[in-house]
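Single-structure report; data block below.
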Number of protein chains: 2
Amino acid sequence: MSEQEANDALERLCNLLRMEARAFGLRFGLQPVQMEALKYLTQCNRYSDTPQAVGEYLGLTKGTVSQSLKALEQKGLLTKKPDKQDKRVIHLTPTLKGNNLTKKATQTKGLGRALAITNSITDTELTQMLRSVLRGLQQVNGRKAFGACHTCRFNEQHPEGSVCGLTHEPLSAQDVQLICREHQYPQ
Amino acid sequence: MSEQEANDALERLCNLLRMEARAFGLRFGLQPVQMEALKYLTQCNRYSDTPQAVGEYLGLTKGTVSQSLKALEQKGLLTKKPDKQDKRVIHLTPTLKGNNLTKKATQTKGLGRALAITNSITDTELTQMLRSVLRGLQQVNGRKAFGACHTCRFNEQHPEGSVCGLTHEPLSAQDVQLICREHQYPQ
DNA sequence: CAATAAAGTATCGACTCAATACTTTTTATC
DNA sequence: GATAAAAAGTATTGAGTCGATACTTTATTG
């Protein structure tokens, strides 16, 4: 019964966030999906900045994603670069304009201010709780995690620094903060 | 900085839920917005079951909402009834089919199962935390709360039962559980 | 080397959504 | 009480989303 209440609160929260996101995007001629794709691209690592990964992250087909990315490119918010090794693959990089826009969007949404006036919760508590739910939900629904490398089971801590256990490439301090499409939680 | 992390987790959670909702709706030929509108109508009270209220709840214009409701009516998921007093107003009631569908949708989303395997959180804790965030966010962004009567500042507890301080109508035990568009939190 | 798979694009049709214009009914205002 | 303004809803239009399908190019597998 209380599970119902948690569900309702979460849904309402999602609606509110989407509402604000839509209102913000409208002022810049951007659709909600376009904002979300751009936001993802500012946060993901070099293995995860492809149209395919964007589609997996947002749960959309590659055809759909292709169009939204075309729109973002035409608006000068991202650039496309073909992969050196695999000529089928394209890497997407947000432009400076794109990066600035996503920063402003996050601030505008007001979650920071909302948490500031809600002194009964710390943002750390909220983050922990949301991540637990997130992990459970991904497990139940069989979705990919899309977490950052520093929480990944493939991330190996060597004395010289971090290394990805999948690609065996070294990871910088910035790298391990980025979202990876191959991410898996430990255990 | 941790505010950023909370924001990201919440956004990811919203994406996942929307992903599941889309997949579910697709199997029944319903769009995400249509599902959300129908869900709202199964939960709102008799002052809040109008196209206008649906628009306010979902943050959409009345024109947009009008079309989605038309689609829901044609699919036999809701019925329209004109108001007795105000002939401009139309009341929307989900059919039995509509009610059953929303029930199934909520279960399918898997939040319940996700919470079950996440034994570090109780659903009561999650609900409380989400509601606090919700309240803060609504305050910051100046949105309507759309809460249930039993948490409303206009709800008066008399010895004979609850009464709405705005309409002065008596409220049953079921009534005070429903969502109202005039809802305001105390203080 | 041929068959198959994978990454991406293009096109189509149903739908969303905001904007605008419109109708009907209610409420103010004089 | 007549007239103006506001409010609730519908209809239409145009840009965009989205899944499905078909297609091209490049990799991988046998």
Side-chain angles (χ1 to χ4, degrees), chain A residues 15 18-38 41 47-75 77-92 181-182, chain B residues 15 18-38 41 47-75 77-92 181-182:
Chain A
N15 279 337
R18 197 167 181 80
M19 213 181 281
E20 299 304 326
R22 176 176 300 284
F24 177 85
L26 203 61
R27 300 210 300 275
F28 295 89
L30 285 176
Q31 301 292 323
V33 187
Q34 298 176 357
M35 285 300 311
E36 278 164 24
L38 194 58
L41 290 171
Y47 312 129
S48 315
D49 60 351
T50 66
Q52 182 77 6
V54 173
E56 286 169 10
Y57 184 78
L58 296 178
L60 302 175
T61 60
K62 55 186 185 173
T64 302
V65 170
S66 181
Q67 293 177 77
S68 296
L69 294 176
K70 203 170 89 178
L72 285 173
E73 191 188 18
Q74 283 167 354
K75 288 175 209 280
L77 295 170
L78 62 79
T79 56
K80 296 183 178 181
K81 281 175 217 155
D83 189 279
K84 301 285 181 188
Q85 274 83 44
D86 191 330
K87 289 182 183 171
R88 297 171 302 178
V89 176
I90 286 187
H91 293 277
L92 306 159
R181 63 187 289 201
E182 306 294 347
Chain B
N15 279 336
R18 196 166 182 81
M19 214 180 279
E20 300 304 326
R22 175 177 300 286
F24 177 86
L26 203 59
R27 300 210 301 276
F28 295 89
L30 285 177
Q31 301 292 324
V33 188
Q34 297 176 357
M35 285 299 312
E36 280 164 24
L38 194 59
L41 290 172
Y47 312 129
S48 315
D49 61 351
T50 66
Q52 182 77 7
V54 173
E56 287 169 8
Y57 184 78
L58 296 177
L60 303 175
T61 59
K62 55 183 184 174
T64 301
V65 171
S66 180
Q67 293 176 78
S68 295
L69 295 176
K70 203 169 87 178
L72 285 173
E73 191 188 18
Q74 282 168 355
K75 289 174 210 280
L77 296 169
L78 62 79
T79 55
K80 297 183 178 181
K81 280 175 218 156
D83 189 280
K84 301 283 180 189
Q85 273 83 45
D86 191 333
K87 289 181 183 170
R88 297 170 303 179
V89 175
I90 286 186
H91 294 277
L92 306 159
R181 63 187 291 203
E182 305 295 348

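On a predicted model such as this, the values are computed, not experimentally measured, just so you know.
At least one side-chain nitrogen or oxygen of B:Lys80 sits closer than 4.0 Å to the OP1 or OP2 atom of D:dT10. One finds a side-chain N or O of A:Thr64 lying less than 4.0 angstrom from the OP1 or OP2 phosphate oxygen of D:dG19. Side-chain N/O atoms of B:Ser66 include none lying less than 4.0 angstrom from OP1 or OP2 on D:dG9. Considering only side-chain N and O atoms, B:Gln34 lies under 4.0 angstrom from the phosphate OP1 or OP2 of C:dT16. The phosphate of D:dA8 (OP1 or OP2) has a side-chain N or O of B:Gln52 nearer than 4.0 angstrom.
Nearest nucleotide to the side chain of B:Ser68, out of D:dC18, C:dA18, C:dT16: C:dT16. For B:Lys62, the side-chain atoms get nearest to D:dT10 when compared with the rest of C:dC17, D:dT17, D:dT10. Comparing atom distances between the A:Gln67 side chain and each of C:dA19, C:dT26, C:dC12 picks out C:dC12 as nearest. Nearest to the side-chain atoms of B:Val89 among the listed nucleotides D:dG19, D:dA8, D:dA27 stands D:dA8. When distances are taken from the side chain of A:Gln31 to each of C:dT16, D:dA27, D:dG16, the shortest belongs to D:dG16. Checked against D:dG16, D:dT10, C:dA18, the side chain of B:Ile90 finds its nearest nucleotide in D:dT10. Considering only the side chain of B:Leu60, C:dA18 comes nearest among C:dG8, D:dC18, C:dA18. With C:dA18, D:dT17, D:dG16 as the choices, the nucleotide that has an atom nearest any side-chain atom of A:Leu26 turns out to be C:dA18.
Whole-Å rounding puts the B:Leu72 CG to D:dT10 P distance at 13 Å. Taking atom CG on A:Leu30 and atom P on C:dA18, their separation rounds to 15 Å, with Å as the unit. Between B:Gln74 atom CD and D:dT10 atom C1' the separation is 13 Å, expressed in whole Å. Rounded to an integer number of Å, the gap from CG of A:Asp83 to C1' of D:dT26 is 12 Å. Between the CD atom of B:Glu56 and the P atom of C:dA18 there is a distance of 14 Å, given to the nearest Å.
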Applying side chain to side chain contact (heavy atoms under 4.5 Å, CB included) to A:Leu77 and A:Leu30, what does each step give before you reach the verdict? CA-CA 11 Å; A:Leu77 295 170; A:Leu30 285 176; 3.8 Å; yes
Please evaluate residues B:Met35 and B:Phe24 with respect to the criterion side chain to side chain contact (heavy atoms under 4.5 Å, CB included), reporting the C-alpha separation (whole Å), side-chain torsions for both, the decisive distance (0.1 Å), and the verdict. CA-CA 9 Å; B:Met35 285 299 312; B:Phe24 177 86; 4.1 Å; yes
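Counting heavy-atom neighbours within 6.0 Å of A:Lys80 NZ, excluding the residue itself, gives a total above 12.
When the nearest nucleotides of DNA chain D are assigned to A:Lys84 and A:Gly63 by heavy-atom distance, the more 5′-ward of the two goes with A:Gly63. Of the two residues near DNA chain C, A:His91 and B:Gln85, the one whose nearest nucleotide lies more 5' is A:His91. Position along DNA chain C of the nearest nucleotide to A:Ala53 versus A:Arg22 favours A:Ala53 as the more 5'-ward residue.
Residues B:Pro32 and B:Arg18 are in side-chain contact: their nearest non-hydrogen atoms beyond the backbone lie under 4.5 Å apart. No side-chain heavy atom of B:Gln52 sits less than 4.5 Å from a side-chain heavy atom of B:Val89.
Residue side chain A:Arg88 does not reach the base of D:dA27 through any donor-acceptor N/O pair under 3.5 Å, judged by distance alone.
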